[in-house]
Amino acid sequence: MSLGTLLSFVLTASALLAYWTVPARLRPVVLVVASYAFYMWAFPAHAVLLLALTALTWFAGHVMRTRQADARLPLLGLGAGAALVVLAFFKYAAFATGVANSLLDRVGAAALPVPAIAAPLGISFVTFGLIHYLFEMYRGDAEECSPLEFAAYVSFFPTVVSGPIKRYPEFLEDMRATRDGRRVTREDVAYGLWRILLGAFRKFVVADTVGVLAAPLMAADTSTPLIVLAVYAYTFKIYFDFAGYCDMAIGIARLFGFRIIENFNAPYLRRNISQFWRTWHYSLTRFITEYVYIPLGGSRVAWWRIALNTIIAMGLSGLWHGAAAHFIAWGLWHGAGLVVLRWWRTWTAHLKHRVPALHRFAESRPGAAASYAFGWTITFNFVAAGWVLFVLPVGQSFDVYRACVGYVLDAARTLAAAVL
């Protein structure tokens, strides 16, 4: 366990002790102080930026609630635009400069200096939380909160690094309930401690152990057949790593009296890529669906627009994960998978209608089992192959794909020769 992780647990224990010791009306103060202490320990200067973004966003939301619906849009644009500009500057400025330099190099122009900028801790999760709040205020769907309550919502340290992406109305409801005197029950304590232990086991035991087997993939070492094993090892490493952090965040939040949205629900057991995304990083899927896919038209438009909306939404999802071309490629990989799945569903539904016997088989228990086995096999391997793009640049990813296919074919030929 690293020093940073140990200090995080010490801060959490101290914050919990203070939170349940002080008068109930002061609990939001403890949350803000603890969260900013966590933030300033990691990046002191960025705490000022977080405070400024918090103040600007709360003010924009407050003014929106005093305006008529048609006068709220400019404020929504101002608040969301400010948050996105900050996110773009810190997370994507170097990437954008690199792309610009590639274009300038083709025309023989001088390259631009690539900025060396350290992104604030959890800037992506903070930005999405700010945008979600602004839309809630714009639509008038949630109550307004005080500046202190909003500061606690934005900076809430258990979820600021790895999520889940909080929902403002539910967070405000829980915060006011604890402020008004609600205490955690024995069941809350038991559940919170269980999730923390489960998360620590998933992260520090399972993920870190399996991660050793993923080393050839991380190094893009295509000279060894172990690269095939490494792809699948990383598939489990990233799940147990991310799910472990979310477990700990959800458990710690429960000890403070907050019920945070679940982020994972056995995603690797799903039979298609759509089900996978409804159970993998669900808080992000919900955000992208609500604020990108549906505003683009969602599934209420022509088939080609549905496909385009899906590709755009998933491409942005990939870009959110990281400022590099391979993250975008990973998002587009999943976008293409969702488009193919939609086509497959349409085609198989038509086929079942035309061939009643096929429909009856599909509805039978053997047919359902075969359908699940087929769908799970395709989905799991599709997801596993996608993680290669998530980890490596696009060129190296294709080298890994070629190597893996070659090693699998060699193994199949050797097995066939031994059997025959």
Side-chain angles (χ1 to χ4, degrees), residues 4 7-20 22 24-43 46-58 61 83 87 120-134 136 142-179 182 184 188 191-192 195-196 199 242 245-263 281-284 286-287:
L7 289 176
S8 297
F9 277 111
V10 171
L11 171 64
T12 300
S14 302
L16 279 168
L17 179 62
Y19 188 79
W20 294 115
V22 301
R25 67 180 184 279
L26 297 179
R27 286 171 186 165
V29 177
V30 173
L31 275 185
V32 173
V33 171
S35 296
Y36 271 83
F38 177 81
Y39 217 84
M40 293 185 70
W41 168 73
F43 294 100
H46 292 160
V48 178
L49 176 65
L50 178 66
L51 183 61
L53 274 175
T54 300
L56 174 63
T57 306
W58 179 86
L87 175 66
L121 187 69
I123 185 63
S124 298
F125 289 99
V126 168
T127 301
F128 277 14
L130 295 174
I131 292 173
H132 168 59
Y133 164 80
L134 287 169
E136 291 293 318
E143 292 184 58
E144 189 179 4
C145 63
S146 69
L148 180 65
E149 290 171 325
F150 186 62
Y153 160 73
V154 174
S155 63
F156 189 55
F157 73 91
T159 62
V160 76
V161 177
S162 297
I165 301 169
K166 303 182 299 298
R167 306 296 293 185
Y168 167 75
E170 290 84 352
F171 188 89
L172 181 62
E173 180 182 352
D174 285 338
M175 181 161 46
R176 289 183 171 176
T178 56
R179 182 201 62 189
R182 186 182 76 185
V184 294
D188 288 326
Y191 182 79
R195 289 300 292 267
I196 293 171
F242 197 2
Y245 275 120
C246 287
D247 281 331
M248 288 186 279
I250 291 170
I252 293 170
R254 182 63 69 89
L255 296 181
F256 280 102
F258 294 88
R259 289 166 173 79
I260 303 299
I261 187 174
E262 292 289 343
N263 231 10
H281 204 343
Y282 171 70
S283 62
L284 175 63
R286 184 175 177 179
F287 185 94

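Just so you know, these numbers come straight off a predicted model, no measurement behind them. Computation of the quantities below employed the complete heavy-atom set of this structure, encompassing side-chain atoms and omitting hydrogens, waters and symmetry-equivalent molecules.
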Taking the six-membered ring for Trp and the single ring otherwise, decide whether the centroids of Phe171 and Phe258 are under 6.0 Å apart. yes

Atom pair CZ/CD1 of Phe156 and Ile260 - distance to nearest 0.5 Å: 5.0 Å

Heavy-atom closest contact (Ser283 atom, Ile261 atom, distance): CB-CG2, 4.0 Å

According to salt bridge (charged side-chain N to carboxylate O under 4.0 Å, His left out), does anything in residues 161-172 pair up with another residue at least two apart or in another chain? List the pairs. Arg167-Glu290

Closest non-hydrogen contact found for Ala142 with Tyr168 is CB-CE2, 3.8 Å

Residues in side chain to side chain contact (heavy atoms under 4.5 Å, CB included) contact with Ser162, at least two apart in sequence or another chain: Phe242, Tyr245

Looking at every heavy atom in both Ala47 and Met40, which two are closest together, and how far apart are they? CB-CG, 3.4 Å

What closest approach, in Å, do Phe256 and Thr12 show between heavy atoms, and which atom pair accounts for it? CZ-O, 4.4 Å

Determine whether a donor-acceptor pair (N or O, by modelled atom type, separation under 3.5 Å) exists between the side chain of Thr57 and the backbone of Thr54. no

By salt bridge (Lys or Arg N to Asp or Glu O under 4.0 Å), which residues pair with Glu262, not counting sequence neighbours? Arg195

With rounding to the nearest 0.5 Å, note down the distance linking OG1 in Thr178 to CD in Glu173. 11.0 Å

Let's go through Phe125 and Val161 carefully: what are the C-alpha distance in whole Å and the side-chain angles of both, what is the deciding distance for side-chain contact (heavy atoms from CB on, under 4.5 Å) to 0.1 Å, and is it a yes or a no? CA-CA 7 Å; Phe125 289 99; Val161 177; over 6 Å; no

Side-chain contact, heavy-atom cut-off 4.5 Å: Leu255 with Ile196? yes

If you look only at distance, which donor and acceptor atoms sit under 3.5 Å apart when one is on a side chain in residues 144-155 and the other is two or more places apart or in another chain?
residue	atom	partner	partner atom	Å
Glu144	OE2	His62	ND1	2.4
Ser146	OG	Glu149	N	3.1
Ser146	OG	Glu149	OE1	3.3
Glu149	OE1	Ser146	N	2.9
Glu149	OE1	Arg176	NH2	3.1
Glu149	OE2	Arg176	NE	3.1
Glu149	OE2	Arg179	NH1	3.0
Tyr153	OH	Gly129	O	2.8
Ser155	OG	Ala151	O	2.6

Any idea which heavy atoms bring Gly61 and Leu134 closest together, and the distance? N-CD2, 4.1 Å

Any chance you could measure Leu87, atom CG, to Leu130, atom CG, to the nearest 0.5 Å? 10.0 Å

Out of curiosity, Phe157 CZ to Leu121 CG, how far, rounded to the nearest 0.5 Å? 12.5 Å

Can you find a pair of side-chain heavy atoms, one from Glu143 and one from Leu172, that are under 4.5 Å apart? yes

To the nearest 0.5 Å, tell me how far Leu31 CG sits from Met175 CE. 7.5 Å

Quick check: closest heavy atoms across Cys246 and Asn263, and the distance to 0.1 Å? SG-ND2, 3.4 Å

Applying side-chain hydrogen bond (donor to acceptor under 3.5 Å, both in side chains), which residue pairs with at least one partner in residues 27-36 are found, sequence neighbours left out? none

For the CG atom of Leu50 and the CD1 atom of Ile123, what is their distance to the nearest 0.5 Å? 8.0 Å

Output every pair passing side-chain hydrogen bond (donor to acceptor under 3.5 Å, both in side chains) with a member in residues 251-260, not counting sequence neighbours, ordered by first then second residue. Asp188-Arg254, Asp188-Arg259

